[in-house]
Amino acid sequence: MRQLICALLLALPTAGLAQELQPALSGIATFTRLDGTVLGRPVPGEPFEVTVRIENRLGNDPPAGLDLAGWFRPVEDDNLSCTEAARSFLATGRLPRGALKLNGILIGTASEDGAFTIADPEIDLASANLLGASRLAEPAASLTADIDGRRFLATLTARGEVVSIAVPTADTTVLAEGLSRPVNAFGAANGVVWVQEAGTESLTRIAQDGSRTVVATGVHGVEVSPLGDTLAVAGPAGALLRGAVSGKVLIATQAPADHAIPLADTDDTFALASLAGQRVEIRYTDAPADAILVKLPAGATRLAAGVEGRWILAHDPATDAPIMLIDVARARVVQTIATPGPVSEIAFTDRAAYLMTADQSRVGVLDLATIRPDRVAPLREVMLGQGRQVPLTGAGYLAPLWPQPGMIAIHAESYTGFIIHDYSSMGDAPPMSAIRLRGGVPRHVAGFDRSFRQVAPGVFRTTAMLPGQGQFELVTTTGIGALSFCKALPPTEGTAAAVAPGRLMAEPADAQHVRLSFRTEDGAPVRDAVFSILVSALATPWRHAVTLRSDARGQAVDLLALPNGGPVIIAAQGRDGHAFHPLVLERP
């Protein structure tokens, strides 16, 4: 009998056995420009879209609950296989040197002295969280994250400029100049940027090609939706809801509006909430002429709403009057919330609302899941530190950590960003984690989600930007389902041939500066090239990133500043592909 069974097994078609052994999940990755066209050769410093489609051979839809992790790595002969690289990442949470991470949150911080830094809270070890740094020409008036453009946008009011800050290198580029006191800038898909100009009280649309169009005047405030697909405009002439990409007017009102915010529910039905004194009007795009009126028990000047648009908080930052909670579905105020002092700003996550007090001593957390018609929802107080003597007059100190369920709250005087989690069960206990912020007294903070987002069942998308020339490949893994695969990108434009690492030399210029010289392996000068320089102190957490250019002799045109005391490591990478051995300098 045993021999008969073995004979039958050997007689089975081998193709059928191979089909049964195929993995349940398969993945397809595509690379496109931001306008949706196929990406040819990527250009370093220019963002592009990465789309991964997961298919399930065992059914029509992929398994629910999949999370996609991914990164780009340089193509090298000694790379681990895709499966081994994925296992290493899932086991350690670390990526190899030179990899471009596509997972997790980054924190961008603009300081009162004009410094700007990008930090990774996942690698915060008191000295290792800084990914990029730069200095703006003046302190930023606003800071927002443009996820599709792989950048932060900062407004420089006095100079009349909007600055684009690349992620994660923090390289800065003047996106627009000659504006009339810009105070806000928001990014949309296809490279569109919206700018509020306070000097002319106008709203300007800047297309990807740099062309400008003034689409509204008499503008006193602009707010963008949490998903970035609509924006609301308020002013004496009324309120408007516009599509963020097309600029098309979706809803328009005629009555003066003190403030307006965009709303969106789970069915993607867009709405506009406008405030005037003690009246809030809510209008939907499917019936824009029909206003739903909500009367407030007290006056307010600001509105704030969550991702799904179910709850609105109305308040006046100049007073300590109770915050009013509006249930949009019932079109009425369902609760007033007493606070320990004036609230300077309010921000939402998927589950909670966060209220920053004007003295920065604490943050109130309202769990939206605890709101009931028959009882008052409690406000959890999270202590941050000593209160400011001069209260805050503007927003910019709260940033959602989406897709993580939490918020980063800035305590400026201690240079610290406290991470507060939505699901904390510690009552009024202080936050359990924090990140150290560098570069000066923080004034604006913004979170940047660089991870894949599921835009359709089994379809994940993110944006990426290569840091330099070469050939890279995408490595992705689902963890659950054990799907791991790689796909190579075409070589970048102008890819340079691989060269052996060169040598750095430093000549002291004064007590605080040195002048670098760049040499190839055989000692020839590297002329007229641009280099990214990172200086790291070994005895302190000091790090500094700058860009230098070499002259015809291979010497840096500008001097390089060094910290006081202790040894430092200087690392250099040429924009043309030149690599250099790190240089260690001992200083008294």
Side-chain angles (χ1 to χ4, degrees), residues 27 29-34 39 41-52 67-76 78-82 84-86 88-90 92-108 117-123 128-134 145-152 164-171 447-453 460-477 484-496 498 532 534 543 545 547 571-577 579:
T30 57
F31 310 114
T32 58
R33 296 185 178 90
L34 296 185
L39 179 70
R41 287 196 169 193
V43 178
E46 292 188 6
F48 57 92
E49 285 190 345
V50 181
T51 303
V52 177
D67 289 324
L68 188 68
W71 58 94
F72 281 101
R73 66 179 181 181
V75 175
E76 297 175 351
D78 57 351
N79 280 345
L80 295 175
S81 68
C82 295
E84 292 174 339
S88 175
F89 169 74
L90 294 173
T92 65
R94 297 179 178 274
L95 294 177
R97 183 178 61 86
L100 176 64
K101 192 175 181 181
L102 300 178
N103 318 295
I105 300 293
L106 297 179
I107 304 299
T117 59
I118 297 178
D120 186 348
E122 293 185 2
I123 59 173
N129 66 359
L130 193 62
L131 297 184
S134 60
D146 180 7
I147 304 298
D148 291 325
R150 203 73 179 181
R151 60 189 176 183
F152 289 99
S164 171
I165 308 173
V167 175
T169 61
D171 291 338
F448 188 97
D449 175 29
R450 56 183 170 174
S451 57
F452 282 95
R453 299 189 184 192
F460 299 84
R461 183 170 297 150
T462 188
T463 57
M465 185 173 62
L466 300 182
Q469 294 176 341
Q471 186 168 8
F472 296 80
E473 63 179 350
L474 173 70
V475 185
T476 59
T477 179
S484 303
F485 71 96
C486 297
K487 182 171 182 178
L489 272 170
T492 57
E493 290 284 354
T495 300
S532 297
L534 178 64
R543 298 183 76 187
T547 300
Q573 179 68 43
R575 298 287 177 86
D576 58 355

How would you list, by chain and number, every residue that makes a side chain to side chain donor-acceptor pair (under 3.5 Å) with [X], sequence neighbours excluded?
X: Arg151; value: Asp146
X: Glu76; value: none
X: Ser451; value: Asp449
X: Thr51; value: Arg461

Work out which heavy atom in [X] is nearest to a heavy atom in [Y]; give both atom names and the distance.
X: Gly447; Y: Ala145; answer: O-CB, 3.4 Å
X: Gly132; Y: Ala170; answer: C-CB, 3.6 Å
X: Ala69; Y: Asn103; answer: CA-OD1, 3.1 Å
X: Pro42; Y: Pro491; answer: CD-O, 3.9 Å
X: Ala464; Y: Val50; answer: CB-CG2, 4.2 Å
X: Met465; Y: Val167; answer: CE-O, 3.3 Å

Residue list, side chain to side chain contact (heavy atoms under 4.5 Å, CB included) with [X], at least two apart or on another chain:
X: Ala29; answer: Val52, Leu474, Phe485, Lys487
X: Ser88; answer: Thr92
X: Glu84; answer: Leu80, Ser81

Atom pair [atom1] ([X]) and [atom2] ([Y]), whose distance is rounded to the nearest 0.5 Å:
X: Ile118; Y: Ile165; atom1: CD1; atom2: CD1; result: 7.0 Å
X: Arg41; Y: Gln471; atom1: CZ; atom2: CD; result: 9.0 Å
X: Leu68; Y: Phe460; atom1: CG; atom2: CZ; result: 5.5 Å

Is a side-chain N or O of [X] found less than 3.5 angstrom from the main chain of [Y], in a donor-acceptor match?
X: Thr463; Y: Ile147; result: yes
X: Thr492; Y: Gly470; result: yes
X: Asn79; Y: Pro74; result: yes

Between [Y] and [X], is there a side-chain heavy-atom distance shorter than 4.5 Å?
X: Leu100; Y: Pro168; answer: yes
X: Ser532; Y: Thr169; answer: no
X: Leu39; Y: Leu489; answer: yes

Going by the angle between their ring planes, with limits at 30° and 60°, are Trp71 and Phe89 parallel, tilted or perpendicular?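 Tilted.
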Should the ring pair Phe48 and Phe72 be called parallel, tilted or perpendicular, given that the plane angle runs from 0 to 90° and is split at 30 and 60?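 The rings of Phe48 and Phe72 stand perpendicular, inter-plane angle above 60°.
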Identify, with sequence neighbours excluded, every residue that meets ring-ring contact (aromatic ring centres under 6.0 Å, His included) alongside Phe448.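 With sequence neighbours excluded, Phe448 shows a ring-ring contact (aromatic ring centres under 6.0 Å, His included) to Phe152, given in chain and number order.
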Give the intermediate values and the outcome of side-chain contact (heavy atoms from CB on, under 4.5 Å) for residues Val43 and Arg33. CA-CA 11 Å; Val43 178; Arg33 296 185 178 90; over 6 Å; no
With sequence neighbours excluded, tell me which residues meet salt bridge (Lys or Arg N to Asp or Glu O under 4.0 Å) with Arg450.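 By the salt bridge (Lys or Arg N to Asp or Glu O under 4.0 Å) rule, Arg450 matches Asp120.
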Under the salt bridge (charged side-chain N to carboxylate O under 4.0 Å, His left out) rule, what pairs show up with a residue in residues 466-475, not counting sequence neighbours?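 Applying salt bridge (charged side-chain N to carboxylate O under 4.0 Å, His left out) to every pair that reaches into residues 466-475, excluding sequence neighbours, yields Arg73-Glu473.
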